[in-house]
**Student:** 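Can you keep this structure in mind? I'll have questions shortly.
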Amino acid sequence: MSSPDLAAYARDGFLVLEDFLPAAECAALQARAAELVAGVAAPAHRTVFSTEDQRHADDRYFSESGDAIRFFFEEGATDRPTALALNKIGHALHDLDPVFDRVSRRPELAALARALGLQRPLLLQSMYLFKQPHIGAPVDWHQDATFLYTQPSTVTGFWIALDDADRGNGCLVALPGGHRGPLRRRFRHRGGRLSTEILDATPWPALEPVAIEARRGTLVVLHGLLPHASAPNRSSRSRHAYSLHVIDGRADYPDDNWLQRPTLPLRGFA
Ligand code: FE2
């Protein structure tokens, strides 16, 4: 990564690196995800993932998925086959699945994390995001540090397009420079359940959102405080992506964060 790239990241809070992941590796992740999905028995229990009402917050299938590979469904997709009904797979693919492990720990990604200043990187969370044709739900404006909180804030998102992502199928949108504002909310365990705590009522900055269109294989680096979202997928095209979140082991990771890994110690890129 060049120093102009680092300057752009510091200014905007995100960075777009085209052709980061070779096509063969994109295909390997998609094929592996399809295999995992094929192994899902017709579930009696379908946990819906929604950023709008966070109904999943009461659900142990969700709250105990930090050290597991679990499958979350789109709302209103009950009549669809599983492969076309899933919202995402999460949240420890990078540690529990050999294919996702290999791709998540590519030397290029480790070097990038180092260049971004993560001195003791720990791979905290991974998600395979489906954004299904026609029903792929929007993701509300948020900061990733709301969900993956450290003190000080260190979480950095690596979002890789596995299909071409554009305005038509719900690409990422962001408020450039918005990462310089405060963390607004924190999603955490409190009183025996998960809930969202308001930390700072500052509104999102009044900026024109930028659509981050990304061809297959493009890596988008997201600062943990950057406000971002994505629109629904109303097209007939899929918009698969792989998202990996890394924190710095020098920062404090509170034990009331939603994501806990009692059975699986955090690992770096090695
Ligand atoms: Fe996010």
Side-chain angles (χ1 to χ4, degrees), residues 9 12-17 20 49-54 56-57 62 65-66 70 72 74 86-94 104 109 112-113 116 118 122-132 136-150 153-163 165 167 169-188 194 196-197 199-200 204-205 207 209-214 218-233 239-248 253 257-259:
Y9 181 69
D12 298 334
F14 67 92
L15 193 58
V16 180
L17 300 173
F20 186 87
F49 184 83
S50 164
T51 63
E52 278 170 8
D53 60 12
Q54 294 188 343
H56 62 274
F62 172 80
S65 64
R70 293 190 176 176
F72 301 94
E74 282 293 352
L86 286 168
N87 172 290
K88 69 175 173 184
I89 310 173
H91 291 93
L93 285 160
H94 61 289
S104 303
L109 214 47
L112 179 56
L116 293 168
L118 293 160
L122 295 173
L123 281 60
L124 176 60
Q125 172 184 271
S126 48
M127 297 184 288
Y128 190 95
L129 307 167
F130 290 91
K131 193 74 101 170
Q132 302 281 2
V139 174
D140 284 349
W141 288 96
H142 67 282
Q143 297 163 296
D144 288 342
T146 288
F147 304 98
L148 305 170
Y149 178 80
T150 64
S153 185
T154 58
V155 67
T156 305
F158 298 102
W159 185 99
I160 300 171
L162 302 178
D163 290 315
R167 288 169 177 82
N169 64 357
C171 67
L172 292 168
V173 290
L175 302 177
H179 64 300
R180 282 172 292 210
L183 181 62
R184 305 327 195 266
R185 292 161 178 254
R186 211 184 137 210
F187 184 61
R188 66 176 181 92
L194 288 170
T196 302
E197 176 188 10
L199 300 177
D200 190 305
W204 301 126
L207 298 167
V210 168
I212 307 176
E213 296 196 316
T218 299
L219 169 69
V220 182
V221 185
L222 296 160
H223 189 284
L225 294 176
L226 180 76
H228 63 282
S230 66
N233 183 0
R239 199 231 66 182
H240 292 192
Y242 178 57
S243 165
L244 176 71
H245 284 90
V246 177
I247 56 171
D248 195 317
Y253 189 82
N257 274 358
W258 89 263
L259 193 160

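In each ligand, atom 1 is the first atom listed, and ligand 1 is the first ligand listed. Below, each value reflects all heavy atoms present in this structure, side chains not excepted, and no hydrogens, waters or symmetry copies.
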**Student:** Using a distance-only test with no angle check, is there a side-chain donor-acceptor pair under 3.5 angstrom linking Tyr9 and His223?
**Tutor:** no
**Student:** Verify whether the ring centers belonging to Trp258 and His91 lie closer than 6.0 Å.
**Tutor:** yes
**Student:** Is a side-chain N or O of Arg184 found less than 3.5 angstrom from the main chain of Pro182, in a donor-acceptor match?
**Tutor:** yes
**Student:** Is it true that a side-chain atom of Glu213 and a backbone atom of Cys171 form a donor plus acceptor pair closer than 3.5 Å?
**Tutor:** no
**Student:** Can you list the protein N, O or S atoms less than 2.8 Å from the Fe ion (ligand 1)?
**Tutor:** His142 NE2, Asp144 OD1, His228 NE2
**Student:** For Val155 and Phe147: C-alpha separation, side-chain torsions, deciding distance, then whether side-chain contact (heavy atoms from CB on, under 4.5 Å) applies.
**Tutor:** CA-CA 10 Å; Val155 67; Phe147 304 98; over 6 Å; no
**Student:** If you measure only the distance, is there a donor-acceptor pair under 3.5 Å linking the side chains of His94 and Ser104?
**Tutor:** no
